[in-house]
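For reference, the structure is listed below as structure tokens.
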Protein chains: 2
Amino acid sequence: MTSGHDPVRSRRTTERKGDVRERAILDTCEALLARKGYDAMTVGDIAQGAGITRGALYFYFGSKQDVVTALVARTVGHLWERSRATAQTEDPRQAIAAAMQRTVELWNAHGLVMRTAIDLSLTVPEIGELWNHTADLFITAITAVLERAGIQPGTAPEHAAAMARALCWMIERTFYHASQESREKLQEASATCEHIWLTSAGLTA
Amino acid sequence: MTSGHDPVRSRRTTERKGDVRERAILDTCEALLARKGYDAMTVGDIAQGAGITRGALYFYFGSKQDVVTALVARTVGHLWERSRATAQTEDPRQAIAAAMQRTVELWNAHGLVMRTAIDLSLTVPEIGELWNHTADLFITAITAVLERAGIQPGTAPEHAAAMARALCWMIERTFYHASQESREKLQEASATCEHIWLTSAGLTA
DNA sequence: CCAGGGAGTTTACACAGTGTCGATTTTTAT
DNA sequence: ATAAAAATCGACACTGTGTAAACTCCCTGG
């Protein structure tokens, strides 16, 4: 891929052989995660899939958890880029619709890794932090929309921040389940969540 | 508890020695779950805590997962008893308040095992079913309240059943996190969820 | 009373997966 | 061309799981 015409004085071929391997490992890991799940997947499996031995894999990652953590980090990185590119619409109704649509796409594209991240959040502290940070991005965004829709700001149980948190968990969990079923279910789940979000924001149709 | 005065002709001492051990194993498992978490907890630890050897434990349970499954089953059994005793209030507002209060108590008493059940729902199919069934009880109850509050019945994305599902996941996830923090957080989380539930039911203020 | 059987227990073993290490080969930069 | 750095391998030690055969205890029917 990206055949190198390697123009004059191009930046060093900084593409170490190891970088390719590392990517191969992560890709294999993602594939195996889909095929057998985290527990059944063994370090030997990953190494074999990447075309190396277990011993060689430990040159790149310190453990199975490290591999998965790296995979989550890679995926979550995409989410962050994506979310930075969010056009800040003024109208809350539009903002909500746009956010839900974007979230559906996110889960369609990365559902597997996101579910894995959630599952391992407890047991692997590193992943927990990664996912917490991601959730905070969402909560902050939801809070902003709620406040713009007229919900009282502040952290009291019935004001914007706390509500945003609950709504975020609602979306996470609902999408978590729906994304295991089918794209159609995800779309329906999205509609339901959007409706509750709108209602909670006082934007009753 | 329930000290046996063992009246005349009492039912056989159906209390086999093994029954006591079995309970001891489950109790130990619950304690260890709190202290070290599922992954770190080893079969040897459980056996030791229960005062027997690993080998003996395998006489009672086929595996570590089996032990935890039994523990979850025991706890979830309590939930079901508890929920059967629900007084069906007419007024939706009261019903919602009562349900949330009950849920707070549930999580205060059994938060640890409930969190464990949720975490293992994927990896241990048995536990997944147990928890799914429990969730269905809640969803059914929420659906009933929504409908009595005037939300259109049916399974379309914005009607009662789907909304109940989303609200159930919201509560599950919010309580899951809050119950890890403190009783105060749980109480606050409850207030937030109640507020969103009320709003979604069209019972604004 | 006492033999036999089932419940309960132990010790030893086989196995699978993890992580480490030193030796060795392959890349890469000069 | 060559030496250092990067990458790879195979063997090893360790931990945890699950199984099996043998042993003990105790209860119960004759």
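Here is how names work: the chains are called A, B, and so on, in the same order as the sequence lines, proteins then strands, and each is numbered from 1.
- Screening residues 48-59 of chain A for side-chain hydrogen bond (donor to acceptor under 3.5 Å, both in side chains) gives no qualifying pairs among residues at least two apart or on separate chains.
- Between B:F175 and B:W107, the angle of the ring planes goes over 60°, which puts this pair in the perpendicular group of the 30/60° scheme.
- Counting only residues at least two apart or in different chains, side-chain hydrogen bond (donor to acceptor under 3.5 Å, both in side chains) contacts with residues 128-139 of chain B comprise B:W80-B:T134, B:W131-B:E172.
- Rounded to a whole Å, the CD atom of A:Q48 is 12 Å from the P atom of C:dG17.
- Cation-pi contact between A:K64 and A:Y38: present, with separation from the ring centre below 6.0 Å and deviation from the ring axis of at most 45°.
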Distances under 3.5 Å between nitrogen or oxygen atoms of protein and nucleotides 10-17 of chain D:
unit_1 : atom_1 : unit_2 : atom_2 : d
D:dT17 : OP1    : B:T42  : OG1    : 3.2
D:dT17 : OP1    : B:V43  : N      : 3.1
D:dT17 : OP2    : B:T42  : OG1    : 2.8

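- Between B:E30 and B:R74 there is a side-chain heavy-atom pair separated by less than 4.5 Å.
- Taking atom CG of B:L57 as the reference point, atom C1' of C:dA7 lies 16 Å away to the nearest angstrom.
- Counting only residues at least two apart or on different chains, no salt bridge (Lys or Arg N to Asp or Glu O under 4.0 Å) pair has a member in residues 153-169 of chain A.
- D:dT19 atom P lies 10 Å from atom CG of B:D66, rounded to whole Å.
- Rounded to a whole Å, the OH atom of A:Y38 is 14 Å from the P atom of C:dG17.
- No more than 12 heavy atoms of other residues, nucleotides or ligands sit less than 6.0 Å from atom CD of A:E126.
- Atom-to-atom, CD1 of B:I52 to P of D:dC25 comes out at 17 Å; the value is rounded to the nearest Å.
- Here the C1' atom of nucleotide C:dT18 and the CG atom of A:D39 are 15 Å apart, to the nearest Å.
- Separating the CG atom of A:D45 from the P atom of C:dG17 is a distance of 8 Å, rounded to the nearest angstrom.
- By the 4.5 Å heavy-atom criterion applied to side chains, A:D45 and A:T28 are not counted as neighbours.
- Classification of A:E105 and A:R82 as a salt-bridged pair holds, one side-chain N sitting under 4.0 Å from a carboxylate O.
- The line from CD1 of A:I25 to CG of A:D66 is 11.5 Å long, rounded to the nearest 0.5 Å.
- In the region residues 25-35 of chain B, proximity to DNA chain D at under 4.0 angstrom, judged on heavy atoms, holds for none of the residues.
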I'd like a list of close polar pairs between nucleotides 22-28 of chain C and the protein, N/O only, cut-off under 3.5 Å.
none

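- With a 4.5 Å cut-off on side-chain heavy atoms, B:L57 and B:V67 count as touching.
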